[in-house]
Amino acid sequence: MEIIIADTYEKLSALGADIIQRQLLRKPSSVLGLATGSTPVGLYQELVKRHREHGLDFSKVTTFNLDEYLDLSPSHPQSYRYFMDHNLFNHINVDAQNIHVPYGHTEEVDEFCDWYEEEIRRAGGIDIQLLGIGADGHIAFNEPGSSLGSRTRLKTLTKQTIDDNARFFDKNEEVPRFAITMGVGTILEAKEILLVANGAKKAAIVAEAIEGPITAQVSASALQMHRHVTVIVDAEAGAMLKRADYYKWVFEEKKRLVPRLVGKVT
Ligand code: F6R
């Protein structure tokens, strides 16, 4: 794992965008796994800026989002599809036919989940998967206890996740209780993974996920088993990492000696 502690959220977002940009330059037809939530908003703004100002090209890209609330239509302002349209897709030149966000407004959830997995396979697998982390350690909506081999399926959200999401809804009763989500096993099959986290509220869980034991109680800890993960945190989210000095030293050494290796190897 490569752990990068950025001073600020802006630097975190720019470094994250660097990694996605490098992937797109290496392979213009990349398959991107994407996340919603507040953490990647700055990274998406960076990508949009680079598209507008420097022509960063998404025309051959295929995207798969991690998750979507059950029973919210794609046009609902709190749906993840709506979020992605407004924060990224509407502002870049991605082909609408290549966008995949789980469809939460369906009666046939199991069939949909199987189809989603099949579509990822048909696209050749995910080249780079962007992740945030929940305060309970979830990646996508793999709440504590999710099997580390789990696949795309319906999940019941925890009370903590429901409370965390309540800020986006007018009334607590409106906050969805279920979501369709890629599984931990689905995520681990991505060729490369980029996890971003910011703010003091994430400090304890970031340290647990990176430096604690691998356990289904902290889904993000499963990333320790993946061969190519970059974690970018801001100073607040990285505040409880025991080996912070070492991570900073590695980053500085790589920048000094072989800049092309930042975000490439552990
Ligand atoms: C979103 C997702 C979630 C979020 C996580 C952190 O697609 O899968 O796992 O990444 O809940 O959310 P924020 O960034 O809002 O703190």
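Here the structure is a predicted model, which is why all the values come from computation and not from measurement. As a basis for the values below, the full set of heavy atoms in this structure was taken, side chains included, without hydrogen atoms, waters or symmetry mates. Every number for a ligand or one of its atoms is a count from 1 in the order of the listing.
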Q: Consider side chain to side chain contact (heavy atoms under 4.5 Å, CB included). Of Asp136, Ile133, Asn142, Leu131, which one does Ser219 pass it with?
A: Asn142
Q: Give me the residue, atom name and distance of the protein heavy atom closest to atom 11 (O) of ligand 1.
A: His138 NE2, 2.7 Å
Q: Answer with yes or no whether the side chains of Glu117 and Thr152 bring together a donor and an acceptor at under 3.5 Å.
A: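 Checked: Thr152/Glu117 side chains pair up, N/O donor to acceptor below 3.5 Å.
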Q: Do me a favour and list the nearest non-hydrogen protein atom to atom 1 (C) of ligand 1 with residue, atom name and distance?
A: Thr36 OG1, 3.1 Å
Q: For ligand 1, which atoms sit closer than 4.0 Å to a heavy atom of Gly37?
A: 14 (O), 15 (O)
Q: Below 4.0 angstrom from a heavy atom of Gly132, which ligand 1 atoms are there? Numbered from 1 as shown, please.
A: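 Those atoms are 10 (O).
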Q: Heavy-atom distances under 4.0 Å are what count here, so tell me which part of Leu66 touches ligand 1: side chain, backbone, both or neither.
A: side chain
Q: If we count only N and O atoms by modelled type, under 3.5 Å, do the side chains of Thr186 and Arg153 hold a donor and an acceptor together?
A: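 Result is no, nothing qualifies.
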Q: Determine whether Tyr82 and Val101 fall in the same hydrophobic cluster, where Ile, Leu, Val, Met, Phe, Trp and Tyr are linked whenever their side-chain heavy atoms lie under 4.5 Å apart.
A: no
Q: Report yes or no: does Glu46 contribute a side-chain atom to a donor-acceptor pair with the main-chain N or O of Leu15 at less than 3.5 Å?
A: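 No, because the side chain of Glu46 does not come within donor-acceptor range (under 3.5 Å) of the backbone of Leu15.
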Q: Would you list the atom pairs, donor with acceptor, under 3.5 Å between side chains in residues 168-178 and any protein atom, with sequence neighbours excluded?
A:
residue	atom	partner	partner atom	Å
Arg177	NH1	Asn172	O	3.1
Arg177	NH1	Val175	O	2.7

Q: Same cluster or not: Phe64 versus Leu195, using hydrophobic residues (I, L, V, M, F, W, Y) connected whenever any side-chain heavy atoms lie under 4.5 Å apart?
A: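 Shared cluster, yes.
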Q: Report the part of Asp67 in contact with ligand 1, treating N, CA, C, O as backbone and CB onward as side chain, heavy atoms under 4.0 Å; options are side chain, backbone, both, neither.
A: side chain
Q: Have a look at ligand 1 and work out which part of Thr161, if any, has a heavy atom under 4.0 Å from it: side chain, backbone, both or neither.
A: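 Looking at Thr161 and ligand 1, no heavy atom falls under 4.0 Å.
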Q: Report the member of Gly134, Ala140, Ala197 with the shortest heavy-atom distance to atom 9 (O) of ligand 1.
A: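 Heavy atom nearest to atom 9 (O) of ligand 1 belongs to Ala140.
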Q: Report, in ascending order of atom number, the atoms of ligand 1 lying under 4.0 Å from any heavy atom of Arg167.
A: 15 (O)
Q: Side chain, backbone, both or neither: which part of Met182 has a heavy atom under 4.0 Å from ligand 1?
A: neither
Q: With Asn98 as reference, evaluate Val61, Val31, Leu32, Thr62 under the side chain to side chain contact (heavy atoms under 4.5 Å, CB included) test and give the passing residue.
A: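 The single option meeting the side chain to side chain contact (heavy atoms under 4.5 Å, CB included) with Asn98 is Thr62.
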Q: Show me which atoms of ligand 1 lie under 4.0 Å from any heavy atom of Thr39.
A: 13 (P), 14 (O), 16 (O)
Q: Measure from the side-chain N and O atoms of Asp85 to the backbone N and O of Asn90, and report whether any donor-acceptor pair falls under 3.5 Å.
A: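 No, the answer is negative, given that no donor and acceptor are paired below the 3.5 Å cut-off.
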Q: Note the single closest protein heavy atom to atom 6 (C) of ligand 1, along with its residue, its atom name and the distance in Å.
A: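 Here the nearest protein heavy atom works out to Ile133 O, 3.4 Å.
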Q: Need the ligand 1 atom indices (1-based, order shown) with element for anything under 4.0 Å from a heavy-atom of Lys202.
A: 6 (C), 13 (P), 16 (O)
